[in-house]
Amino acid sequence: MDDLFGDMTATLPKRQELAAGAILLRGCALPHEGVVLAALQDIAASAPFRRMNTPGGFQMSVAMTNCGDAGWVTDRSGYRYDANDPVSGKPWPAMPDVFRELAMSAAREGGYPDFVPDACLINRYEPGARMSLHQDKDERNFTNPIVSVSLGLPATFQFGGARRNDPVEKIVLHHGDVVVWGGPSRLYYHGILTLKDGEHAQTGRARFNLTFRKAL
Ligand code: MD6
Ligand code: FE
């Protein structure tokens, strides 16, 4: 019944290996969507979303904020983690317990039982925003995985390989999907295609992505 009359994501497999060490857990965050979105609003009230500049001088189309002991930032001087929000000069908002618990339980399910995040980068995509192919390599220790939680409008994730020119696989990430990603593919190139317009019951015309890291 559910598969026939539920939403269309109900027929997707619950667990899918994207590459060695990268596991997609469909709908893993759905039981927590309400508390997570409420906590996200509180974070954005004290550390508002902003479009940062790349070292090359371009303004990103994705708006970002952070919570936790360190936040990812970029400006003309480069990419880095900083304990303080450069806009306010104050520490980033603390990581809510529900964030940490969600990230740790997904990591456990994905095969990383020792993961404890200290940083959470929050991306907000509005229609037209995109993220070009990149590697996540500003963390100190690549033996830790990254846990990525998608909320709101669906987006097409591009997942490549160790080299920028490697072929990319495309996977649509839906509201509530979680990717746990470490091990051999930790430094693989990936990106998000231009967000299509739409309206989501929980987030309106936006997609949010939370990436939990052990940065320090
Ligand atoms: C996004 N995600 O889903 C962008 N990075 O909006 C990422 O760049 C990402 O999902 C590292 C690990 C998992 C991710
Ligand atoms: Fe990334």
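Each ligand, and each atom within it, is numbered from 1 in the order the structure gives. None of these values were measured; they are calculated from a predicted model.
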key: N or O pair under 3.5 Å between H190 and ligand 1   = yes
request  = Starting from the Fe ion (ligand 2), look over the N/O/S atoms of H190 and name the nearest one.
outcome  = NE2
key: Protein residue, atom and distance nearest to atom 2 (N) of ligand 1, heavy-atom basis   = N209 OD1, 3.6 Å
inquiry  = I'd like to check which ligand 1 atoms, numbered from 1 as shown, lie under 4.0 Å from a non-hydrogen atom of H134.
reply    = 8 (O)
message = Any nitrogen or oxygen of R213, side chain or backbone, less than 3.5 Å from one on ligand 1?
response = no
D177 with R26: basic N within carboxylate O range, under 4.0 Å = yes
query = What are the atoms of ligand 1, with element, lying closer than 4.0 Å to any heavy atom of S148?
reply = 10 (O), 13 (C), 14 (C)
task = Using only N, O or S atoms, tell me which atom of D136 is closest to the Fe ion (ligand 2).
result = OD1
task = Considering the heavy atoms of I192, write down every atom of ligand 1 situated less than 4.0 Å from one of them.
result = 1 (C), 3 (O), 4 (C), 6 (O)
ask   = Looking at R207, which atoms of ligand 1 are within less than 4.0 Å of one of its heavy atoms?
value = 1 (C), 3 (O), 6 (O)
Shortest non-hydrogen contact between Y125 and I192, atoms and distance = OH-CG1, 3.5 Å
message = Does this structure show an ion pair linking E139 with R213, if we count only N-O contacts that are shorter than 4.0 Å?
response = yes
ask   = Less than 6.0 Å separating the ring centroids of W181 and Y112?
value = no
key: Nearest neighbour of atom 4 (C) of ligand 1 from the list W181, F208, Y125, on a heavy-atom basis   = Y125
request  = With R186 as the cation and F142 as the aromatic partner, state whether NZ or CZ is under 6.0 Å from the six-membered ring centre and within 45° of the axis.
outcome  = no
request  = Flag the pair D75 and R80 as a salt bridge only when some basic side-chain nitrogen lies within less than 4.0 angstrom of an acidic carboxylate oxygen.
outcome  = yes
query = Cation over ring, R124 on F208, under 6.0 Å and within 45°?
reply = no
ask   = Is there a heavy atom of V179 sitting under 4.0 angstrom from any atom of ligand 1?
value = no
key: Short N-O contact, D118 and R140, less than 4.0 angstrom   = no
